[in-house]
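Read the structure below first, then the notes.
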Amino acid sequence: MGIPKKKAVIVGKSKLPLCIILTLVFAALYFYLALPAINLHDPAFYIFFLACAAVFCLLTLITGDYSDGENHEALRTVWKRCKWPLMACAALIILLLVGSLLGSVVFRSGAYTRLLPIQEGDFTADVAEISFDKIPMLDKDSAAMLGSRKLGELADMVSQFEVADNYSQINYQDSPVRVATLRYGDLFKWLNNMSAGLPAYVRVNMVSQTAEVVRLEQGMKYTTYDHFGRNLYRLLRFRYPTFLFDEANFEIDEEGTPWWICPRQVKTIGLFGGTDVAGAVLVNAVTGESTYYAAEEIPDWVDRVYSADLIIRQYDYYGQYQNGFFNSMFGQKGCTVTTQGYNYIALNDDVYVYTGVTSVGGDESNIGFILVNQRTKEAKYYPCAGAEEYSAMDSAMGVVQHLNYRATFPLLLNVDGQPSYFMSLKDNAGLVKMYAMVNVQKYNVVATGATVAECKNTYSKLLRQEGLAQGGETGVTGVIDEIRTAVIEGNSWYYFRLIGEDCFYAVSAGQCESAIILSVGDKVLIQDAAAEGDIRQAGSIRKD
């Protein structure tokens, strides 16, 4: 009589709870560190679930008793314990593949073209001429250089903190500025300062080219540079576990309070396609208090909800696939794309993304450009054949090639009714030395100047010579009541007050020699003057 074989014992009842507990510990650590959204539209969620299932199955194998029995009995018992996690993994993988296919641009190109509704606009009517005190003179690199230098002047901060590189361009009290948080120098400095938080942020005025370190009564304790529960993205994940978030943007409100603007992303085509924004969570950087707003309810002071990269990606879908996917691959009839690079324009207390539009062929000319509101995503297309941005930059640098100045990526301005590129010219040290204006349609019309007023005055004269300016000569006329003079940085400046006015019009003798020979009582025409201020910089002045 033979001895009966014992059945293999794999993960007995006493060991199954241990496997579950260890898997839950792994899941908690993974979730805390990787922060996946509990959302089927997030690819990271699939990785999270598959990793947890793999750990559970591995623990099942490791803790099993293989001392007796046959292999097929062991495998059968393992399958009994792991079949539900494995079946769930198989279902998720199938869902991932099907969802990706349903969101493919090959089959849903029409849906992709509708992500960014485009209207055709009238540039002269939509974009008002900006006065000199509203034109940003700096790009992000120059702003960052000024901010770092300003922080370096503060001995109590420079040893513990650095300026972060998140220089967001916003409108603050009706003026274009860039703002950036501080960040801790290293982990040990975070340990030394974490109780008080980050004590200040940096604000750079893009017009006056001045930087200021703004000290806070209470430090910022919730930033992207903090650790553990005070890290901004971890705070968001635990409060909004199902939300997908775009990169958080640092802004300040009109009172100077620091906030994080955290756009909530949604996938509108299939499972992973058609990325758009449904709203935003606003987090107070000092207190950590947060509020979610739907897209149409976001406060007016917020400037960036839709990132420039998202806007450009959505326009490229529209431009390439408006006549179908296969047309974009073969015939390419009517296919357009955005040019390389973009910039920001402040209009009506909102910030707009500007970028040029060119044909898919990649020539060095634009067929138009788009302006898109970063808060509302209102988008307008302006047909305007002309030079693309880098050609305009080369044209401006060609005028001052003996000085080896480099042009910043241009702004798009309305100058005398003409779409015009405006850019700063920087030396090798990154300092702004001159300014340039280039006509979009005729990029051989180029003007430069040591000041914006001088550049604008020269450019307006060129436009009149070319017959491009609208409305002829316009300006302020009056009789001189008072004249004052000053020497600023080696340049002679003349300040004229007209009868009946309280403000002074400032003109440099270098840009307008006729200012030297004017006297009290002369009737004059002042052109290209700023619209507001006690001292209004002008382009020229002459007897009328």
Side-chain angles (χ1 to χ4, degrees), residues 19-59 82 84-108 111-112 115 166 222-250 260-283 288 290 292 295 304-314 317:
C19 295
I20 294 174
I21 291 172
L22 291 177
T23 301
L24 291 175
V25 171
F26 170 81
L29 289 174
Y30 187 104
F31 184 84
Y32 187 82
L33 295 174
L35 304 175
I38 309 303
N39 190 318
L40 292 176
H41 293 282
D42 184 7
F45 172 74
Y46 294 81
I47 299 174
F48 168 65
F49 188 90
L50 293 174
C52 292
V55 168
F56 176 78
C57 294
L58 182 63
L59 289 171
C82 299
W84 292 112
L86 292 175
M87 290 173 65
C89 289
L92 278 181
I93 292 173
I94 293 172
L95 181 64
L96 186 151
L97 295 175
V98 173
S100 300
L101 190 63
L102 292 176
S104 171
V105 71
V106 177
F107 304 107
R108 304 292 301 278
Y112 278 91
L115 287 172
N166 57 350
Y222 299 89
T223 72
T224 56
Y225 308 103
D226 268 278
H227 303 281
F228 306 112
R230 284 178 19 181
N231 179 273
L232 176 68
Y233 293 115
R234 189 162 289 114
L235 177 78
L236 291 169
R237 178 53 61 232
F238 281 93
R239 289 185 182 175
Y240 308 92
T242 63
F243 281 15
L244 298 175
F245 287 103
D246 196 357
E247 182 180 358
N249 191 54
F250 180 71
W260 291 100
I261 314 302
C262 312
R264 178 196 174 192
Q265 287 189 338
V266 290
K267 307 293 183 178
T268 61
I269 305 173
L271 273 180
F272 309 113
T275 303
D276 208 347
V277 171
V281 175
L282 274 59
V283 181
S290 63
Y292 173 70
R304 199 203 87 162
V305 177
Y306 297 86
S307 69
D309 290 338
L310 175 64
I311 289 169
I312 289 171
R313 192 183 317 130
Q314 289 188 349
Y317 287 141

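Quick note: residue numbers are just sequence positions, from 1.
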To the nearest 0.5 Å, what is the distance between [atom1] ([X]) and [atom2] ([Y])?
{"X": "Leu282", "Y": "Asn249", "atom1": "CG", "atom2": "CG", "answer": "10.5 Å"}
{"X": "Ser307", "Y": "Ile261", "atom1": "OG", "atom2": "CD1", "answer": "14.0 Å"}
{"X": "Leu101", "Y": "Phe107", "atom1": "CG", "atom2": "CZ", "answer": "5.0 Å"}
{"X": "Asp276", "Y": "Gln314", "atom1": "CG", "atom2": "CD", "answer": "4.5 Å"}
{"X": "Ser104", "Y": "Tyr112", "atom1": "OG", "atom2": "OH", "answer": "7.0 Å"}
{"X": "Glu247", "Y": "Asn166", "atom1": "CD", "atom2": "CG", "answer": "8.5 Å"}

With a 3.5 Å cut-off and sequence neighbours excluded, list the donor-acceptor pairs that the side chains of residues 42-56 form with protein atoms.
unit_1, atom_1, unit_2, atom_2, d
Asp42, OD1, Ala44, N, 3.1
Asp42, OD2, Ala37, N, 3.0
Tyr46, OH, Leu40, O, 2.9

Does the side chain of [Y] come within less than 4.5 Å of [X]'s, by heavy atoms?
{"X": "Thr223", "Y": "Trp260", "answer": "yes"}
{"X": "Val281", "Y": "Phe245", "answer": "yes"}
{"X": "Phe243", "Y": "Leu236", "answer": "no"}

Exercise. With sequence neighbours left out, what residues match Arg108 under side chain to side chain donor-acceptor pair (under 3.5 Å)?
Worked result: none
Seminar exercise, completed: By salt bridge (charged side-chain N to carboxylate O under 4.0 Å, His left out), Asp246 pairs with (sequence neighbours left out) none
Nearest non-hydrogen partners of [X] and [Y], listed with the distance:
{"X": "Gly288", "Y": "Leu235", "value": "O-CD2, 4.0 Å"}
{"X": "Val305", "Y": "Ala280", "value": "CG1-CB, 4.4 Å"}
{"X": "Gly229", "Y": "Tyr32", "value": "N-OH, 3.7 Å"}
{"X": "Tyr292", "Y": "Arg264", "value": "OH-NH1, 3.3 Å"}

In residues 85-99, what donor-acceptor pairs under 3.5 Å come from side-chain atoms, sequence neighbours left out?
none

Exercise. By ring pair (Phe, Tyr, Trp, His ring centres under 6.0 Å), which residues pair with Phe31, not counting sequence neighbours?
Worked result: Phe238
Exercise. Can you pull the side chain to side chain donor-acceptor pair (under 3.5 Å) pairs that have at least one residue in residues 228-242, sequence neighbours excluded?
Worked result: Asp226-Arg230, Arg239-Ser290, Tyr240-Ser290
Exercise. So, His41 side chain and Leu271 main chain: donor-acceptor pair closer than 3.5 Å or not?
Worked result: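 Looks like yes, one N/O pair under 3.5 Å.
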